[in-house]
Amino acid sequence: MRSFLALSASLACLSFSSMADAQSRNAPRNGPSPAPAFWVHDDGTVEINNTDGRTKFRSIEAYLESDLFEVAKNRCGLPPENDRVAGPIDDLDFGGVAGGGSASDCSCNQTNPSGIYNAEGDITYQIPVVFHVIRNSAGTQGNISEACIQNQVLTLNEDFNAISGSPGAPGTNCQIEFVLASVDPSGNATSGITYSDNSTWFNDGGGYYNSLAWDTSRYMNVYTNTASGALGYVPALGCSNIDGQAQDRVVILYSAIGNCATASPYNLGRTLTHEVGHYLGLEHTFAGGCSSSGNCNNNGDLTCDTLPQQSPTSSCSSSSSCGQSHQNQRNYMDYSIDSCMNQFTYEQHLRMRCNLEHYRVQLPCTDCAGGGIPENDECSNAIALVDGPNEGTTFQATYSGVTSAPSCSTSAGIAVRNDVWYSYTVPSNGLLTLSTCGASFNSRLNIWDGASCPSSGGPLLACSDNDCGDDAIASVFVFGGQEIIVQVGSPANESGNFVLELAFDEIIDPPVNDDCADATAITAAVTEFTTIDASGSGFGLPLSCSTSSGPDVFSDVWFSWTAPCTGFATIASCGSEFDSRLAVYASSTCPNSSSAPVSCADNICGDDASVTFLALEGQAFQIRVGSPIEGDEGQGALFVDCEPIGGNPCPEDLNDDGTINGADLGLLLAAWGTDGADINDDGNTNGADLGLLLSAWGEDC
């Protein structure tokens, strides 16, 4: 029989009052009920009642810093072996998820370090977890946020998977992952967190687990309360056949959970790592003391790669006991402070995986619904961003090691931990703004240039931290077709849910004649133009101008024209690459919403426009060209002609510049054989037309 560290007699009931109650509830009692052994009051004060009398502390933190806590070695409240809960022995000779091996390979009395349990195989065990947060009845003590619990699960995964760049990196990768349950025992969606307000339960009494437990064979149930004065405990090791019983649980002091923990120096989440080690069948490294030096797989902590240890480690001092030095103080199953712990050993990882094979067979799931590492955990699996909100999570994301720049941070360090990745192709020149404002954790983001995955020191376009609370918002000018990579993570060891908001403001380069005040003067019969990036003038046209519904004119441009003749003017936008609409105003000044056009049209030549109206020589006009459809923009050509009343007095002036010269000859020769320069109206441009032009050579029209 192995010996265990004995608690001081004065505090023997301190950590286990609720468990002792459960085991002796049928025993007769005489006189009034004794005061609770450990109680946290609504004002946060702590009261301890034991054989030495009554002791009070102003807070749980003060208690943890006291000699009373230190003398009791209350780092863990795992009961002595004879006081542990045990279940019935089942036929567990056959393996669970992986198959093979035997329950005797990791019983509570021995370990067979068989390679069949080695994590280097293909199986990663995922364990669904439910956190039962128990507060006092007033709700003033014991509250823990969802983000803090997510951070605690992240810490578990770092420790059990030796994730690179995390505090747990020096350890053994156990390939055991923890995910907050997304489906409750009834099949309903859940956050994996419950909240209860009950002062008795908060003080670790009243058999709360009988009311709150989810199927303990399929969920790891973690309860946060006062843990009866310990930092945490389990009622028995995982090899005790208690899965399926309501009392199968992990209990953690509420102030020692996640990154909101205040129980310094036990405030880095390692208490839960330690207790989950017990939950999966591990003993303390100091179990059995020096008596475990022989037959190491059947004595002490049942593993041979943790050396015999006389007593628990305090603080982080290197240890030498049982005649040899060791590094057990780095082991999660010692009593070191949180910042000192960073590893499970190889045989410990075999024993835990063996427990999942033979004692907690129903607990692992191959893909816990809604859990697991995010699909964009690696840059190579970056998710394409869309305009607007992009929901994401860094929960269970690993650390890529790609860092930010010192200038990007308003807090210490350049790490972007627990990062996930996105890609984006810039549609056009513009200002790109990305933000994680309102994330459930302390977030940081980097915007990298290029389509390939970046490395630290690469082309960083922009970065942000603490620009909207403890979250990020960054803006950067980008160019059409540019590829970028976006990295979202945390400067701290935090994770959670977020919305990555993407806003893209195109850099508008409007046409020079976007406004009527800047109208382009027409000097030729054909004038090319564009309405791309044009704005609207803010007023429509009479309904009579349109053969399609609505009076609106979007993305319009302006021209000014002075009639060169008295006669019939024709203006057309036929052949434009967008649906065009036009209006002509008889004015030398810009029109407004009350101005009536002299002519307007839509859908005359296909979906384009053409108007003909009477003009006086020297009369000024404003011409407006746009589209009846919002967002429909493009290139076009504006045709303008004036046919004098009584015919053209000077048909040889083909370019209407007022003189018959070489320019007109060039036009005639270019149109030879067509009707394009038919001066005599016989339907063909030929020698007869050439003769007329040469006979009028040099004349002014």
Side-chain angles (χ1 to χ4, degrees), residues 2 4 19 76-98 101-114 116-117 119 123-130 156 159-160 172 174-178 209 213-223 232-252 271-285 287 297-298 300-303 306 331-333 344-345 347-365:
R2 299 188 304 276
F4 290 83
M19 292 181 284
C76 172
L78 176 70
E81 187 172 9
N82 290 337
D83 293 335
R84 297 175 188 174
V85 177
I89 298 176
D90 295 326
D91 181 8
L92 298 173
D93 286 339
F94 298 99
V97 175
S102 167
S104 62
D105 290 341
C106 50
S107 71
C108 290
N109 296 308
Q110 68 176 7
T111 298
N112 171 23
S114 169
I116 192 174
Y117 306 111
I123 293 178
T124 294
Y125 299 105
Q126 286 190 345
I127 296 178
V129 185
V130 55
L156 280 181
D159 295 348
F160 278 83
T172 301
C174 305
Q175 286 186 218
I176 299 173
E177 295 178 357
F178 301 86
Y209 42 84
W214 291 9
D215 183 353
T216 61
S217 64
R218 297 193 297 116
Y219 299 90
M220 185 174 82
N221 285 252
V222 178
Y223 298 86
Y233 70 85
V234 295
L237 300 186
C239 51
S240 298
N241 297 312
I242 64 170
D243 71 312
Q245 299 183 31
Q247 59 187 320
D248 182 16
R249 67 196 188 280
V250 181
V251 183
I252 302 295
T271 295
L272 186 56
T273 300
H274 177 101
E275 299 304 337
V276 172
H278 289 319
Y279 177 83
L280 296 178
L282 298 185
E283 281 280 9
H284 289 126
T285 56
N297 284 131
N298 297 82
D301 72 344
L302 307 177
T303 60
T306 53
N331 197 282
Y332 296 120
M333 303 314 296
F344 289 113
T345 67
E347 287 196 13
Q348 284 177 322
H349 112 278
L350 294 178
R351 182 170 171 81
M352 288 190 288
R353 289 175 66 87
C354 177
N355 262 251
L356 289 169
E357 282 293 310
H358 302 295
Y359 294 95
R360 296 193 179 279
V361 178
Q362 298 181 65
L363 183 64
C365 52

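The model shown is predicted, which means the values in this text are computed figures rather than measured ones.
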Main-chain N/O of Ser240 paired to Tyr359 side chain as donor or acceptor, under 3.5 Å: no

Rounded distance (nearest 0.5 Å) linking atom CG of Leu156 with atom CE of Met220: 6.0 Å

Value rounded to 0.5 Å, distance of CD in Glu347 from CE in Met352: 12.0 Å

Nearest atoms (heavy-atom pairs only) where His278 meets Glu283: CE1-C, 4.1 Å

With Tyr125, the side chain to side chain donor-acceptor pair (under 3.5 Å) member among Glu177, Arg360, Glu357: Glu357

From CA spacing to verdict: side-chain contact (heavy atoms from CB on, under 4.5 Å), Val276, Ile176: CA-CA 11 Å; Val276 172; Ile176 299 173; over 6 Å; no

Residues that Tyr223 engages under ring pair (Phe, Tyr, Trp, His ring centres under 6.0 Å), provided they are two or more places apart: His132, Tyr208

Sidechain-backbone polar pair: Thr111 side chain, Leu302 backbone, donor-acceptor under 3.5 Å: yes

Any donor-acceptor N/O pair, Ser102 side chain to Ser104 backbone, under 3.5 Å: yes

All disulfide bond (SG atoms under 2.5 Å apart) counterparts of Cys174, not counting sequence neighbours: none

All salt bridge (Lys or Arg N to Asp or Glu O under 4.0 Å) counterparts of Arg351, not counting sequence neighbours: none

Residues forming a side-chain hydrogen bond (donor to acceptor under 3.5 Å, both in side chains) with Ser107, sequence neighbours excluded: none

Minimum side-chain heavy-atom gap Val222-Leu272 below 4.5 Å: yes

Sequence-distant partners of Asn331, side-chain hydrogen bond (donor to acceptor under 3.5 Å, both in side chains), two or more places apart: Gln348

Least distance between heavy atoms, Asn109 atom then Glu81 atom: OD1-OE2, 4.3 Å

CZ-CG distance between Arg84 and Leu237, expressed to the nearest 0.5 angstrom: 4.5 Å

side-chain contact (heavy atoms from CB on, under 4.5 Å) against Thr172, all qualifying residues, sequence neighbours excluded: His349

Exam field: side chain Gln175 to backbone Ala119, donor-acceptor pair closer than 3.5 Å: yes

Stepwise side-chain hydrogen bond (donor to acceptor under 3.5 Å, both in side chains) check, Gln110 with Asn298: CA-CA 4 Å; Gln110 68 176 7; Asn298 297 82; 3.1 Å; yes

All ring pair (Phe, Tyr, Trp, His ring centres under 6.0 Å) counterparts of Phe178, not counting sequence neighbours: Phe160

Value rounded to 0.5 Å, distance of CZ in Phe344 from CG in Leu282: 6.0 Å

Criterion side chain to side chain donor-acceptor pair (under 3.5 Å) against Asp301, the qualifying member of Thr285, Thr345, Thr306: Thr306

Rounded distance (nearest 0.5 Å) linking atom CG of Leu363 with atom CG of Leu280: 7.5 Å

Cys354/Cys106 sulfur atoms closer than 2.5 Å: yes

Closest non-hydrogen atom pair between Asp248 and Thr216, with its separation: O-CG2, 3.4 Å

Sequence-distant partners of Asn112, side-chain hydrogen bond (donor to acceptor under 3.5 Å, both in side chains), two or more places apart: Asp105

With Asp215 via side-chain hydrogen bond (donor to acceptor under 3.5 Å, both in side chains) - residues at least two apart: Ser217, Arg218

Gap between atom CZ of Arg249 and atom OH of Tyr233 - 0.5 Å precision: 4.0 Å

Under 3.5 Å: donor-acceptor pair, side chain of Asn221, backbone of Trp214: yes

